[in-house]
Number of protein chains: 2
Amino acid sequence: MKQFIRSSKALGSVIKRVRKAKNIGQTAVGSAFKIDQGTVSSIENGAPGTRLETVFRILAALDLEMIIQPRKVDKKNLKKEEW
Amino acid sequence: MKQFIRSSKALGSVIKRVRKAKNIGQTAVGSAFKIDQGTVSSIENGAPGTRLETVFRILAALDLEMIIQPRKVDKKNLKKEEW
DNA sequence: CTATTTTATGGCTGTACAGCCATAAAGTCA
DNA sequence: TGACTTTATGGCTGTACAGCCATAAAATAG
């Protein structure tokens, strides 16, 4: 169920889906890391101006982490040299 | 050479490394997507307040994409249910 | 359907980013 | 070593986020 995220909207969708799968409310996610419920809402809906710090706090609250990788490549044939 | 990113600093490091590997300057990366060279610099150095939109524009400029996944799990044993 | 919980919006405000410009600092190369 | 390129910093400014509070709207439970 891996997703390739290239926009704020896509990121918000993933966050929302994971949060719901864990049965946690926006308020609960936020309170642990001092993020306003309204802020969590806007992020999940793809607010493009969200601050990076806020995103990482939410990822932490949901026990998630980020990975960056090259686009449009077959991972099986990925060469180290490209990095 | 996959990296698990949990902070702005870590993200900045990856961006910087990839950009250098591609022999592109901060100015070049920025100009294509209207990002100030100084902004690229601060992001690479881990500015926590960077806007999400800006991050995605840089990832696009470097032909990168993001993935979100659960923390601290052996990917070989990852269960779909956790998502 | 009603009551309750959860999520989406909006106002207000302090703070800070990002663009733009300039320049110092650091790195590169002949 | 000197000339040139690249990166780091800082000032100035317009814009907008995020916290806080309140509330409407939507979803869920009973």
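Note that this is a predicted model, so its numbers are computed, not measured. Numbers restart at 1 for each chain; the letters A, B, ... are given by sequence-line order, proteins then strands.
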Does B:Gln37 reach a base, just sugar-phosphate, or nothing at all? Heavy atoms under 4.0 Å. base

For the pair made of CZ in B:Arg19 and C1' in D:dT5, what is the distance, rounded to whole Å? 13 Å

A:Thr27, nearest nucleotide to its side chain (from D:dA8, C:dC21, C:dT7): C:dT7

On DNA chain D, compare the nucleotides closest to B:Ile24 and A:Gly38; which residue's is nearer the 5' end? B:Ile24

Any A:Arg51 side-chain N or O less than 4.0 Å from OP1/OP2 of C:dA18: no

Looking at every strand, decide which applies to A:Lys20 at a 4.0 Å heavy-atom threshold: base, sugar-phosphate, or nothing. nothing

Rounded distance (Å) that lies between atom C1' of D:dA18 and atom CZ of A:Phe56: 18 Å

Rounded to whole Å, how long is the line connecting atom NZ of A:Lys16 with atom P of C:dT7? 8 Å

At under 4.0 Å between heavy atoms, what does B:Ser42 touch on the DNA or RNA strands: base, sugar-phosphate, or nothing? nothing

Would you indicate what A:Ser41 reaches in the nucleic acid, counting non-hydrogen atoms under 4.0 angstrom: base, sugar-phosphate, or nothing? base

May I have the distance from B:Asn45 (atom CG) to C:dA18 (atom P), rounded to whole angstrom? 14 Å

Closest to the A:Asp36 side chain, choosing from D:dC20, D:dA18, C:dA18: D:dC20

B:Ser8 to B:Gly46 - nearest heavy-atom pair and separation: CB-O, 3.5 Å

